[in-house]
J.: 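The structure's right below; bear with me while I get my questions together.
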Amino acid sequence: SAVISQKPSRDICQRGTSLTIQCQVDSQVTMMFWYRQQPGQSLTLIATANQGSEATYESGFVIDKFPISRPNLTFSTLTVSNMSPEDSSIYLCSVREPALSYEQYFGPGTRLTVT
Amino acid sequence: GENVEQHPSTLSVQEGDSAVIKCTYSDSASNYFPWYKQELGKRPQLIIDIRSNVGEKKDQRIAVTLNKTAKHFSLHITETQPEDSAVYFCAASITPGRSSASKIIFGSGTRLSIRP
């Protein structure tokens with residue numbers, strides 16, 4: 001399966017600021033996703049990152065708060081904007097590989113703490 | 001949209017005994033059901049999956065069963081070992097390629113503890 005890396009692995013940020021999380025894959029993948037996992041909770045899909053077009057957001061998530069870029073088939077970024085303590089969570093990118101398969105794999109996650 | 005319910009939320013079993021985790025899904029169009037294991041501080045790892053054209057799948061000590069009519073599926077772990085202690089998530093997905101429905105939705109998770 002593809003090797004997925006994320007930067008940063010963790011960060012502590014002040015409320016009102018923004019953080020951009022990077023996801024890098026070692027091979028070209030068509031489907032990339034961003035999930036949030038709050039402490040002790042399940043994984044919630046934020047959006048599907050579409051290459052060359054705007055991301056598709058799930059109910060409860062908006063582009064102004066979580067802008068996503070997908071400039072090519074190996075890279076995506078998620079920005080958490082105007083952060084509040086409620087945004088403290090682990091953010092994970094995920095890829096489906098190969099494109100028309102079912103299997104989905106996760107990056108190591110970015111642990112965000114907002115103070 | 002799809003909704004996945006998972007039970008129990010916590011499960012403690014004696015080492016060597018079996019563990020069973022159950023999930024139900026709402027969207028009858030769902031046809032792919034993966035299970036993930038997440039150890040503390042680590043990423044979710046795909047451990048086994050089943051497609052809707054199959055009723056049961058086994059891989060060594062773990063097995064999954066699917067009842068499409070009842071819309072539920074289960075994970076079975078036999079001869080449990082300490083390293084099986086983790087949080088397990090079930091999930092459901094509609095076939096890739098079916099436009100915006102092509103995504104995996106997760107259950108709430110089961111924290112499995114193996115007692116020595």
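Source: prediction; values computed, not measured. Proteins get letters first, then strands, A, B, ... in listed order; numbering begins at 1 in each.
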J.: Checking heavy atoms, do the side chain of A:L92, its backbone, both or neither come under 4.5 Å from chain B?
T.: side chain
J.: Heavy-atom distances under 4.5 Å only: say whether A:Q104 touches chain B with side chain, backbone, both or neither.
T.: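 Looking at A:Q104, backbone and side chain both touch chain B.
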J.: In terms of the angle between their ring planes, are B:Y25 and B:F33 parallel, tilted or perpendicular, with boundaries placed at 30° and 60°?
T.: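 Judged by the thresholds at 30° and 60°, the geometry between B:Y25 and B:F33 is tilted.
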J.: Taking A:D11 for its side chain and A:L112 for its backbone only, find out whether a donor-acceptor pair lies under 3.5 Å.
T.: no
J.: What pairs with A:K65 under salt bridge (Lys or Arg N to Asp or Glu O under 4.0 Å), at least two apart in sequence or on another chain?
T.: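 Result, salt bridge (Lys or Arg N to Asp or Glu O under 4.0 Å) vs A:K65: A:D87.
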J.: On a heavy-atom basis, which atom in A:Q14 and which in A:T17 lie closest, and how many Å separate them?
T.: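 What the structure gives for the nearest pair is O-OG1, 2.6 Å.
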J.: A:N50 and A:T56: side-chain donor and acceptor closer than 3.5 Å?
T.: yes
J.: Over all heavy atoms of both residues, which pair between A:T74 and A:S27 is shortest? Give the atoms and the distance, please.
T.: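 Residues A:T74 and A:S27, closest heavy atoms: CG2-O, 3.6 Å.
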J.: Which atom names give the shortest non-hydrogen contact between A:R70 and A:A49, and what distance separates them?
T.: NH1-O, 2.9 Å
J.: Tell me, for B:Q6 versus chain A, whether the close heavy atoms (under 4.5 Å) come from the side chain, the backbone, both or neither.
T.: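 It is neither, since no heavy atom gets under 4.5 Å.
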J.: Taking the inter-plane angle between the rings of B:F106 and B:Y36 on a 0 to 90° scale, is it parallel (under 30°), tilted (30 to 60°) or perpendicular (over 60°)?
T.: tilted
J.: Sort by residue number and list every member of residues 109-116 of chain B having a non-hydrogen atom under 4.5 Å from chain A.
T.: none
J.: List for me each residue that meets ring-ring contact (aromatic ring centres under 6.0 Å, His included) alongside A:F33, sequence neighbours excluded, and say none if there are none.
T.: none
J.: Who in residues 44-80 of chain B is close to chain A, using a strict under-4.5 Å heavy-atom cut-off?
T.: B:P44, B:L46, B:D49, B:R51
J.: Main chain of A:R96, side chain of A:E103: is a donor-acceptor contact present, judged purely on distance under 3.5 Å?
T.: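 Here the side-chain-to-backbone pair does not exist.
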J.: Can a salt bridge be assigned to the pair A:E58 and B:K103 using a cut-off of 4.0 Å between side-chain N and carboxylate O?
T.: yes
